[in-house]
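Everything on this sheet refers to the single structure shown next.
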Amino acid sequence: FYMNSKDKQYTVRNTSPRSITHMAQVSPKPLQMVEDQLNQWGGEQVQLQNSTGRRRASERHKVMALDMTNRPRDMRAVGQFGQAAVVPPDRQEESWSRWSEGYFNVFLSEQIPVDRAIPDTRPPACAENLVHDDLPMTSVIFCFMDEVWSTLLRSVHSVLNRSPPHLLKEVLLVDDCSTKDYLKEKLEAYMSQFPKVRIIRLKERHGLIRARLAGAAVAKGDVLTFLDSHIECNVGWLEPLLEQVYMERKRVACPVIEVISDKDMSYVMVDNFQKGIFKWPLVFGWSTLSQDVIKKNNMNDSDPIRCPVMAGGLFSIDKQYFYELGTYDPGLDVWGGENMELSFKIWMCGGEIEIIPCSRVGHIFRGENPYKFPKNRQKTVERNLARVAEVWLDEYKELFYGHGYLHLLDRNGMDIGNLTEQIQLRKKLGCKSFSWYLENIYPELEAPIVKAEGPVLNMGIRKCLLKSETRTELLIQWMPSFVLQNQHFNYSWVRTFRQDASCVSPHKTGTGVAMEPCDNTKPHLRWLHKSTQVLTDHLIAEASPQQVCLEAEPEGGGVFLKACEAANPFQKWQFTHYYAQ
Ligand code: UD2
Ligand code: MN
């Protein structure tokens with residue numbers, strides 16, 4: 001259902017560096033037609049309809065028009081129109097027993113038509129938007145490992161049925177070495193009905209990341225569109241993605257990811273104005289734009305939203321640009337972290353990531369991965385994230401390690417692989433720094449580079465620490481009226497206690513303390529320190545077998561290590577500034 005309205009005169013936005021012919025409307029939603037169709041279908045299932053056949057313009061946003069691209073074959077089928085499906089009482093047990101086949105309600109998924117209609121959840125303005133009629137064609141790439149048959153089919157049908165044929169080059173099904181018989185035996189036969197579908201069988205398990213690369217390598221479209229294999233594309237999902245990529249080839253366009261309930265398979269519309277973000281230690285999440293931002297930028301619910309990071313699964317990218325960027329780091333294993341890697345790479349190397357509210361795709365979010373990790377899942381994701389941190393985060397990688405991944409720094413038993421190529425690629429592309437990224441793309445993120453800094457006051461003697469210029473020992477000195485450079489210390493996220501590149505280290509023998517070159521991989525350089533702006537606490541040498549603490553000599557000018565005593569004020573220290581707990 002793709003309308004090319006030749007009878008209208010369109011003013012063309014003059015922002016495109018490319019030539020423009022004329023424009024076409026994105027899967028329009030002529031209301032009268034929706035209503036006629038609804039009235040013709042009738043039935044109590046269609047609760048979204050307005051049977052009067054007329055409605056005021058102000059009511060329009062309340063109405064979710066039904067997907068007209070795909071007139072349901074069976075109006076009364078379970079789950080039709082994206083509604084919740086119910087397991088009959090006598091099939092409950094069966095339904096539960098099949099949950100772990102995909103970690104969602106596999107039983108219900110099987111009852112639902114593979115080409116069901118879903119409500120058109122786009123903001124009303126979307127149907128009136130124009131797109132160029134010479135948009136590039138895309139290859140849609142699905143990678144899957146043991147995907148449930150019914151959801152895989154529904155994913156493919158939603159693409160075939162709701163993509164304008166002239167924009168869909170092909171659908172690539174990259175089978176990442178599935179073990180299920182139905183995927184081996186039936187898939188070719190089923191898909192042979194659809195000339196645009198190609199199946200690629202990987203001989204060994206590649207993992208999601210390298211499977212995507214295998215798909216990209218054989219893709220014939222000018223744009224690559226990656227999708228998870230348990231999704232449903234909504235009406236008009238493709239045109240706005242391609243339009244954005246076409247307008248700016250370094251723009252990576254993501255649809256709004258809506259929710260297909262894992263329990264009842266209903267299609268759930270998500271809130272508007274959400275963007276992809278991360279929190280430390282590189283955990284993906286969503287954040288709703290504040291009213292201030294929306295007002296200040298005069299934003300409508302259909303305007304693209306700039307995202308610091310993408311969720312990972314669903315996006316369109318210019319194929320040549322993807323290769324210019326060096327694709328994904330091929331050293332990433334199986335699953336996880338690749339969305340961070342690609343996001344940082346895109347922003348820091350001159351591109352941009354946007355969520356396009358006019359493009360909407362439902363996705364089944366699952367509580368567990370229905371496939372095995374060749375190694376352990378936790379270790380795989382950690383390793384991937386450490387690669388990303390080492391290549392892209394500059395000095396901010398300490399925040400990543402400090403928020404729960406300190407054990408990765410010691411590198412005992414954890415080989416994160418060779419990074420030379422990735423680091424060279426970053427240089428070759430002339431990418432900006434991570435601090436540029438934080439300042440310009442993700443200013444809301446709290447990312448103090450150290451936990452605490454400034455002169456360090458001892459609570460017993462009320463003097464500050466000083467790094468001697470001539471000796472390796474630390475000394476204690478009266479706080480002068482001006483702050484000496486060698487009184488300025490940092491307490492870092494990786495728990496080193498340092499001045500520039502010198503770290504405070506417990507002497508290997510005796511009770512003294514000395515400075516030595518910082519090295520984050522050395523556990524003996526770590527200190528536990530829990531002070532805040534108002535509370536003071538100890539500095540505990542973390543690697544010492546007995547708890548030893550830094551203590552100021554009550555009389556002299558030195559410091560030494562002694563067994564920790566909770567109430568001893570000479571063991572309590574306070575930095576001048578604290579940035580985080
Ligand atoms: C999210 C992303 C997913 C990916 C992942 C982090 C969305 C909606 N999904 O997790 O695309 O970015 O975060 O890496 O943003 N698969 C393989 N081989 C494997 C493992 C998985 O082909 O070894 C397939 C799998 O069948 C599925 C896709 O990769 O189609 C994504 O896996 P997922 O659905 O388990 O990931 P998800 O949605 O939890
Ligand atoms: Mn998924």
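First listed ligand is number 1; within each ligand, the first listed atom is number 1. Computation of the quantities below employed the complete heavy-atom set of this structure, encompassing side-chain atoms and omitting hydrogens, waters and symmetry-equivalent molecules.
The shortest heavy-atom contact between Trp99 and Val106 is O-CG2, 4.2 Å.
Under the 6.0 Å distance and 45° angle rule, Lys275 does not count as a cation-pi partner of Trp286. In this structure, Arg377 forms a cation-pi arrangement with Trp335, its terminal cationic atom sitting closer than 6.0 Å to the ring centre and no more than 45° off the ring axis. Judged by the 6.0 Å and 45° rule, Arg212 forms a cation-pi pair with Phe226.
Ring centers of Tyr442 and Phe278: under 6.0 Å apart, within the cut-off.
Closest to atom 32 (O) of ligand 1 among all protein heavy atoms lies Tyr371 OH, 3.5 Å. Closest to atom 14 (O) of ligand 1 among all protein heavy atoms lies Glu338 OE1, 2.5 Å. Atom 9 (N) of ligand 1 has its closest protein heavy atom at Asp228 OD2, 3.0 Å.
Close to ligand 1: His230, with a non-hydrogen atom less than 4.0 angstrom away. For Asn339, the heavy-atom gap to ligand 1 stays at 4.0 angstrom or more.
In terms of modelled atom types and a separation under 3.5 Å, the side chain of Ser359 and the main chain of Leu238 share no donor-acceptor contact.
On a distance-only criterion, Gly313 and ligand 1 share at least one N/O pair closer than 3.5 Å.
Annotation: side chain of Asn384 is not in contact with side chain of Glu338 (no heavy-atom distance under 4.5 Å).
The distance from ligand 1 to the heavy atoms of His363 drops below 4.0 Å at these ligand atoms: 8 (C), 38 (O).
Of all protein N/O/S atoms, those lying under 2.8 Å from the Mn ion (ligand 2) come to 3.
Look at Glu341 and Arg387 and you find no salt bridge, because none of the NZ, NE, NH1 or NH2 atoms lies under 4.0 Å from a carboxylate O.
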